[in-house]
Amino acid sequence: ESTFIHRFEPASGAGSPPLLLLHGTGGDENDLLGLGQMISPGSALLSPRGRVLEHGMPRFFRRLAEGVFDEEDVRRRALELGEFITDARKQYGIAAPIAVGFSNGANIAAALLLLKPDALAGAILLRAMVPLSDPPKAELGGKPILLLSGQADPIVPASNSAHLAALLTQAGARVSHKVLPAGHQLSQADVTLARNWIGNVA
Ligand code: MLT
């Protein structure tokens, strides 16, 4: 069962890559539509709602504590999201999307990149952490990934985001990792950097 409640906004400009928008804990399918429009005007936007509930808050996988993941669930849910993308691509006639994930949404995007690399054309990972302690050997074949971390993020230690960047680089992705003077929340710099990055890779 790979049905997700979601929003889809068709492309309004030719040549802009479709975006897969993945919200953070407690968000929903509406949260990142504005961000998507800001960083890539004209792109088709595919925005699912996470199917796991934590005290009523939607997420993309279960966790045991903040930053401690139920990795079996991470694997299962990432593959489920991969199936959703396959179905949505057929339904809406879109190319493989670039994921734009924030926090929990960035973590499931990182898991998907490691477990099912073909699902995504690339990714913007905002405040992501290492999603799996023992990931399979992935082949990311030069996929572009922008990883934006917060230097004062209380949830993601600097060593963790550096490890994620290394993991993705070793798997063959073209990773750009920037550490911003920010916490876990997004800042204007995230929007500006994401917009410039996507303009260069797309
Ligand atoms: C997670 O659970 O994915 C991370 O702790 C980020 C969060 O959702 O707060």
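Note that ligands are numbered from 1 as they come in the structure, with each ligand's atoms numbered from 1 the same way. Worth saying up front: this structure is predicted, and the values here are computed from it rather than measured. Worth knowing before you read on, the calculation uses all heavy atoms, side chains too, and leaves out hydrogens, waters and symmetry mates.
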- [ ] For residues 96-151, pull every pair meeting ring-ring contact (aromatic ring centres under 6.0 Å, His included), keeping only residues two or more places apart or in separate chains.
- [x] F102-H184
- [ ] Can you tell me which residues line ligand 1 if we count any heavy atom under 4.0 angstrom from one of its atoms, in chain and number order?
- [x] T25, R59, F61, R63, G67, F69, S103, N104, N107, I155
Open item on the list: List the residues meeting salt bridge (Lys or Arg N to Asp or Glu O under 4.0 Å) with E9, not counting sequence neighbours, and say none if there are none.
Closed with: R7
Open item on the list: Counting C-beta onward and ignoring hydrogens, is there a side-chain heavy-atom pair between Q151 and P181 closer than 4.5 Å?
Closed with: yes
- [ ] Would you check if there is a donor-acceptor pair between the side chains of S133 and E71 at a distance under 3.5 Å?
- [x] yes
Open item on the list: Holding to ring-ring contact (aromatic ring centres under 6.0 Å, His included), I want the full list of residues that pass it with F8, two or more places apart in sequence or in another chain.
Closed with: Y92
- [ ] Would you kindly say whether R59 and T25 are connected by a side-chain donor-acceptor distance under 3.5 Å?
- [x] yes
